[in-house]
Amino acid sequence: MSTPAKPARSGGASALGWVLTIGLNVVAPIVTYNTLTEDHGWSEFSALLLSSAWPVLDTAVMAAWRRKIDEFAMVTLVFLVITAVVSLVGAHTARALLVKDSSVTGLFGLLCLGTLLAPRPLMFYFGRKFATDGTPASTAWWNGMWQYEGFRSTMRTMTLVWGVAYVAEAVVRIALAYALPTRTMVTVSPILLYGVLGALGVWTAWFGKRRAAEGARRQAEAAAAAAPATA
């Protein structure tokens with residue numbers, strides 16, 4: 001069975017979808033959190049709680065626009081809720097805040113690993129968000145790819161790697177939070193956080209292209225083998 005061709009991307013729909021996604025799931029929560037905590041003296045918990053309203057708005061907009069729930073926004077919302085809960089628990093010293101920050105990424109890693117037990121792993125939904133423009137045709141194409149074993153294996157492998165990487169990153173950052181001076185760790189922590197994210201992004205792009213090339217090669221070999229029989 002040949003893999004269906006990917007539909008052409010709709011430039012307008014893709015651009016608008018990206019603006020909404022980045023604006024409501026990334027930019028707006030960060031700006032809201034920083035403004036409330038730095039300029040208005042809000043507590044971390046209260047600021048995070050209010051910041052989580054933006055992904056909710058994104059979910060509502062996408063549901064009204066495309067008549068479906070956007071899983072990416074739901075995951076972002078869950079991540080913000082986890083962050084709020086973690087920030088509320090325990091002490092509020094500088095070292096404790098560093099440990100809590102590391103715990104959040106660890107919990108995200110566990111979330112990735114937990115979805116391996118679900119019908120479809122987390123990277124399937126992340127991939128659909130970033131590999132399509134959100135139109136019905138491209139979404140249907142991505143959903144239809146799940147019937148292929150190679151695609152399912154790719155999504156599960158990506159989810160496994162992200163989960164293990166973030167659990168390991170959290171363990172390392174928590175250990176360093178106790179081993180290094182707080183002043184040093186304030187610098188080291190974001191370097192580790194974004195370094196791991198960048199490495200995972202590069203690996204994911206490379207792995208996805210490699211698996212796609214392998215799939216295309218297998219299809220070409222199968223077509224070549226079937227040609228003499230049909231000649």
Side-chain angles (χ1 to χ4, degrees), residues 21-22 24-26 29 33 44-45 48-49 51-56 58-60 62-63 68-90 96-132 134 139 142-177 189-190 192-208 211:
T21 296
I22 300 300
L24 295 178
N25 287 279
V26 180
Y33 174 81
E44 289 184 336
F45 176 74
L48 285 167
L49 193 61
S51 298
S52 66
W54 292 110
V56 174
D58 181 47
T59 301
M62 291 299 178
K68 68 181 183 68
I69 298 297
D70 186 84
E71 292 85 357
F72 181 83
M74 292 300 296
V75 170
T76 303
L77 176 60
V78 170
F79 191 73
L80 287 171
V81 170
I82 290 174
T83 304
V85 172
V86 170
S87 69
L88 186 64
V89 176
L97 291 176
L98 287 169
V99 170
K100 290 176 185 181
D101 184 51
S102 304
S103 299
V104 170
T105 55
L107 289 172
F108 176 74
L110 292 176
L111 175 63
C112 288
L113 296 177
T115 62
L116 291 172
L117 302 176
R120 297 183 183 185
L122 187 60
M123 285 302 132
F124 171 83
Y125 301 105
F126 272 44
R128 188 171 68 187
K129 184 68 178 180
F130 293 107
T132 73
T139 299
W142 184 264
N143 292 340
M145 292 293 291
W146 187 253
Q147 66 183 298
Y148 301 103
E149 190 280 332
F151 181 81
R152 296 194 299 270
S153 174
T154 298
M155 293 298 104
R156 291 189 175 112
T157 300
M158 287 181 176
T159 303
L160 175 63
V161 169
W162 276 69
V164 171
Y166 267 116
V167 169
E169 182 264 358
V171 171
V172 170
R173 279 208 291 157
I174 290 174
L176 290 178
S189 184
L192 284 174
L193 175 63
Y194 292 110
V196 170
L197 178 60
L200 284 172
V202 171
W203 175 85
T204 299
W206 170 81
F207 186 70
R211 282 296 181 93

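Residues: numbered from 1 along the sequence shown.
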- Minimal heavy-atom distance between Ile174 and Ser102, with the atoms involved, is CG1-CB, 3.5 Å
- Nearest-0.5 Å distance, CZ of residue Arg128 to CH2 of residue Trp142: 9.5 Å
- Message: I need the Leu116 CG to Met123 CE distance, nearest 0.5 Å.
- Response: 10.0 Å
- Message: Test side-chain contact (heavy atoms from CB on, under 4.5 Å) on Asn143 and Arg120; report intermediate values, then the result.
- Response: CA-CA 10 Å; Asn143 292 340; Arg120 297 183 183 185; 4.0 Å; yes
- Task: Quick one: closest heavy-atom pair of Cys112 and Leu122, and the distance?
- Result: SG-CD2, 3.6 Å
- CG on Leu110 to OG1 on Thr115, rounded to 0.5 Å: 11.0 Å
- Message: Determine whether a donor-acceptor pair (N or O, by modelled atom type, separation under 3.5 Å) exists between the side chain of Thr157 and the backbone of Ser153.
- Response: yes
- Can Tyr148 and Thr154 be said to form a side-chain contact (heavy atoms from CB on, under 4.5 Å), step by step? CA-CA 10 Å; Tyr148 301 103; Thr154 298; over 6 Å; no
- Item | Beyond-backbone contact of Leu192 with Leu176, side-chain heavy atoms, under 4.5 angstrom | yes
- Message: Using the rule side-chain contact (heavy atoms from CB on, under 4.5 Å), only one of Leu197, Val164, Thr105 pairs with Glu169; which is it?
- Response: Thr105
- Query: When rounded to the nearest 0.5 angstrom, what distance separates OG1 in Thr159 from CG in Leu111?
  - Reply: 10.0 Å
- Task: Taking the side chain as every heavy atom from C-beta outward, state whether Leu200 and Tyr166 have any pair of such atoms under 4.5 Å apart.
- Result: yes
- Nearest heavy-atom neighbours spanning Trp146 and Pro119: CZ2-O, 3.3 Å
- Please report the C-alpha distance between Trp203 and Met158 in whole Å, then the side-chain angles of each, then the deciding distance to 0.1 Å, and finally whether the side-chain contact (heavy atoms from CB on, under 4.5 Å) criterion is met. CA-CA 9 Å; Trp203 175 85; Met158 287 181 176; 4.1 Å; yes
- Aromatic plane relationship, Phe124 with Phe151 - under 30° parallel, 30 to 60° tilted, over 60° perpendicular: perpendicular
- Message: Walk me through whether Thr204 and Trp162 qualify under side-chain contact (heavy atoms from CB on, under 4.5 Å).
- Response: CA-CA 9 Å; Thr204 299; Trp162 276 69; 2.8 Å; yes
